[in-house]
J.: 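First, the structure itself, so that you have it in front of you.
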Amino acid sequence: MTVTEAPPRTGRVAPAAGSRRPRRYGKALVYLALAAGAVPTLLPFVWLVRSALMRDAQMFVAPPEWIPSPFQWSNFTEALTAQPFWLYFVNTVVIAVISVLGTVLTCSIAAFSFSRLRWRGRDLTFAVLLSAVMLPYAVTLIPTFVMWQELGALDTFLPLTVPSWFAGAGGGVFNVFLLRQFFLTIPFELDEAAYIDGASPWRVFWTIVMPLSKPAVVVVTIFTFIGTWNDFLGPLLYLSDEEKYTLSLGLASFQSVYLTQWGYLMAASAAVIAPIIALFFFLQRYFIEGVTLTGIKN
């Protein structure tokens, strides 16, 4: 008769079945709370999509219908061909890409100077720069317009792209502050080791600080891209030629021409915001990391 040996004890005690239930109930409550909070946020987008797939007569019935019957897919094709939206799309992408490149480059350089370099008057200069956040945009609107008018840059992309290449212009102050706070979380020992090896501040910036600050750079990229993509006042002031219109101006003119064609307007609006939603879903992991400003620990 053979006797089987009992398996060795690992020292771990299996949790009781009763202790798992409170955890499950807690997670379920958290998920329900998050779902309840997401409903008001998603409701306008759902309303936009369902309206883009409906006829005008079905759109405003009471009580409202949430499922189109039938689906009006032709709203998208007819709306996007009624006006040169592809030309508006190209113009917007060009302005957004130039603005993102200029903002990320100049704001990161300024943030590196304010956080990693030591020079006289650094903190005072940074405080003066932050005070510009309290300056309303309407205060500088007329002087800025007159300046571009004197330079002969009206009806061009220059007023919409050149300010992004000067850190602190427009919303660049917030970007400088965001990047500076993230750069401060990176250990200064990395800079000192690089300087001992003969590296210059420019090399430290490109090879150490920027690769470790990818989440914060992505956040600045997203904020700048969304701000440029949705900008309406800037193109309205400086652009008069329809061939240079952006998507925001295209939507405004589309609404004035097709005031009663709400299905076309909703379809065009849904197509305009689709790239923003896709960009956020692709970069949401870096976005969350950059906003929380975790960085790396010492």
J.: Does V104 offer a backbone N or O that forms a donor-acceptor pair with the side chain of N175 under 3.5 Å?
T.: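 No, N175 side chain to V104 backbone: no donor-acceptor pair under 3.5 Å.
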J.: So does L42 have more than 12 non-hydrogen atoms from other groups sitting under 6.0 Å from CG?
T.: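 For L42, atom CG is crowded (more than 12 foreign heavy atoms under 6.0 Å).
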J.: Can you find a pair of side-chain heavy atoms, one from F145 and one from L154, that are under 4.5 Å apart?
T.: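 They are in contact (side-chain heavy atoms under 4.5 Å apart), so the answer is yes.
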J.: Measuring from T125:OG1 to W119:CH2, what's the distance to the nearest 0.5 Å?
T.: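 Output value for this atom pair is 4.0 Å.
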J.: Name the residue from F205, W202, F182 that meets the ring-ring contact (aromatic ring centres under 6.0 Å, His included) definition with F112.
T.: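 The passing option is F205.
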J.: Can you tell me how far apart CG (L179) and OG (S213) are? Round to the nearest 0.5 Å.
T.: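 So the gap between those two atoms works out to 7.5 Å.
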J.: Mind listing the closest non-hydrogen atom pair of T92 and L247 along with its distance?
T.: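 The answer is OG1-N, 2.9 Å.
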J.: Give me the ring orientation class for F71 and W73: parallel if the planes are under 30° apart, tilted from 30 to 60°, perpendicular past 60°.
T.: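 Correct class here is parallel.
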J.: How far apart are the closest heavy atoms of P44 and P40, and which atoms are they?
T.: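 Heavy atoms of P44 and P40 come nearest at CD-O, 3.2 Å.
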J.: Using the test side-chain hydrogen bond (donor to acceptor under 3.5 Å, both in side chains), find all partners of E192 that sit at least two apart in sequence or belong to another chain.
T.: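 None.
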J.: Just by modelled atom types, is the T161 backbone N or O under 3.5 Å from a matching donor or acceptor in the S164 side chain?
T.: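 Looks like yes, one N/O pair under 3.5 Å.
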J.: Same cluster or not: V219 versus F174, using hydrophobic residues (I, L, V, M, F, W, Y) connected whenever any side-chain heavy atoms lie under 4.5 Å apart?
T.: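 Yes, V219 and F174 fall within the same hydrophobic cluster.
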J.: Can you measure from CG (D241) to CG (D155) and round to the nearest 0.5 angstrom?
T.: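 Spacing of CG (D241) from CG (D155) equals 5.0 Å.
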J.: Do F126 and V128 share a hydrophobic cluster, counting only Ile, Leu, Val, Met, Phe, Trp and Tyr and linking them when any side-chain heavy atoms are less than 4.5 Å apart?
T.: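 No, F126 does not connect to V128 through the hydrophobic network.
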J.: Would the number of heavy atoms belonging to other residues, nucleotides or ligands and lying under 6.0 Å from CZ of R203 be above 12?
T.: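 No, the 6.0 Å shell around CZ holds no more than 12 heavy atoms from other groups.
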J.: I'd like to know if V46 and F76 are part of one continuous hydrophobic network [Ile/Leu/Val/Met/Phe/Trp/Tyr, side-chain heavy atoms within less than 4.5 Å].
T.: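 Each belongs to a different hydrophobic cluster.
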J.: Could you give me the CA-CA distance, side-chain angles and deciding distance for M210 and V217, then say whether side-chain contact (heavy atoms from CB on, under 4.5 Å) is met?
T.: CA-CA 8 Å; M210 288 300 289; V217 172; 3.8 Å; yes
J.: Give me the atom names and distance for the closest heavy-atom approach of T77 to S74.
T.: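 Taking every non-hydrogen atom into account, OG1-O, 3.0 Å.
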J.: Could you grab the distance from atom CG of L239 to atom OG1 of T156, nearest 0.5 Å is fine?
T.: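 Result: 7.5 Å between the selected atoms.
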J.: Taking L87 as the starting point, is it possible to reach V93 by hopping between hydrophobic residues whose side chains are less than 4.5 Å apart?
T.: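 No, no single cluster joins them.
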J.: From Y88 OH over to E242 CD, what is the distance, rounded to the nearest 0.5 angstrom?
T.: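 One gets 3.5 Å once the value is rounded to the nearest 0.5 Å.
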J.: Would a hydrophobic clustering, with Ile, Leu, Val, Met, Phe, Trp and Tyr connected at side-chain separations under 4.5 Å, put V97 with V272?
T.: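 Yes, V97 connects to V272 through the hydrophobic network.
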J.: Answer whether the closest heavy-atom distance between the side chains of L48 and I273 falls below 4.5 Å.
T.: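 A side-chain contact exists here, since the closest heavy-atom pair is under 4.5 Å.
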J.: Which atom pair, heavy atoms only, marks the closest approach of P68 to L53?
T.: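 Looking at all heavy atoms of both residues, the shortest contact is CB-O, 3.2 Å.
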J.: Within this structure, what is the CG-CD1 distance for the pair L117 and I109, rounded to the nearest 0.5 Å?
T.: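 Between atom CG of L117 and atom CD1 of I109 there are 11.0 Å.
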J.: Sequence neighbours left out, what passes salt bridge (charged side-chain N to carboxylate O under 4.0 Å, His left out) with D231? Give chain and number order.
T.: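 Not a single residue meets the salt bridge (charged side-chain N to carboxylate O under 4.0 Å, His left out) criterion with D231.
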J.: When you compare the side chain of W148 with that of V162, does any pair of heavy atoms fall below 4.5 Å?
T.: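 Yes, side chains in contact.
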J.: Indicate the atoms forming the closest heavy-atom contact of G234 with L160, along with that distance.
T.: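 Taking every non-hydrogen atom into account, C-CD2, 3.6 Å.
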J.: Parallel, tilted or perpendicular: which one describes the rings of W66 and W47, with boundaries at 30° and 60°?
T.: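 W66 vs W47 ring planes: perpendicular.
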J.: So T246 and W229, do their side chains get closer than 4.5 Å, heavy atoms only?
T.: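 A side-chain contact under 4.5 Å is absent here.
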J.: Looking only at non-hydrogen atoms, find the nearest pair between L105 and S108 and report the distance.
T.: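 Closest pair (atom of L105, atom of S108, distance): O-OG, 2.8 Å.
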J.: Taking the side chain as every heavy atom from C-beta outward, state whether L101 and W165 have any atom pair closer than 4.5 Å.
T.: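 Heavy-atom side-chain distance check passes, below 4.5 Å.
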J.: Are the side chains of V100 and T228 in touch, meaning some heavy atoms are under 4.5 Å apart?
T.: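 The answer is no, as the side chains (C-beta and beyond) never meet within the 4.5 Å cut-off.
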J.: Looking at L29, I want to see if its CG is surrounded by more than 12 non-hydrogen atoms of other residues, nucleotides or ligands under 6.0 Å.
T.: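 Correct, the count exceeds 12.
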J.: Consider only side-chain N and O atoms of Y238 and Q149, and report whether a donor and an acceptor are under 3.5 Å apart.
T.: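 No, Q149 and Y238 have no side-chain donor paired with an acceptor closer than 3.5 Å.
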J.: Are T144 and L237 side-chain neighbours, meaning at least one heavy-atom pair lies under 4.5 Å?
T.: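 Answer no - side chains too far apart.
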J.: Is any side-chain heavy atom of R116 less than 4.5 Å from a side-chain heavy atom of I186?
T.: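 R116 reaches I186 side chain to side chain.
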J.: Counting only heavy atoms from other residues, nucleotides and ligands, does the tally under 6.0 Å from CH2 of W86 exceed 12?
T.: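 Atom CH2 in W86 is not packed in, count stays at 12 or less.
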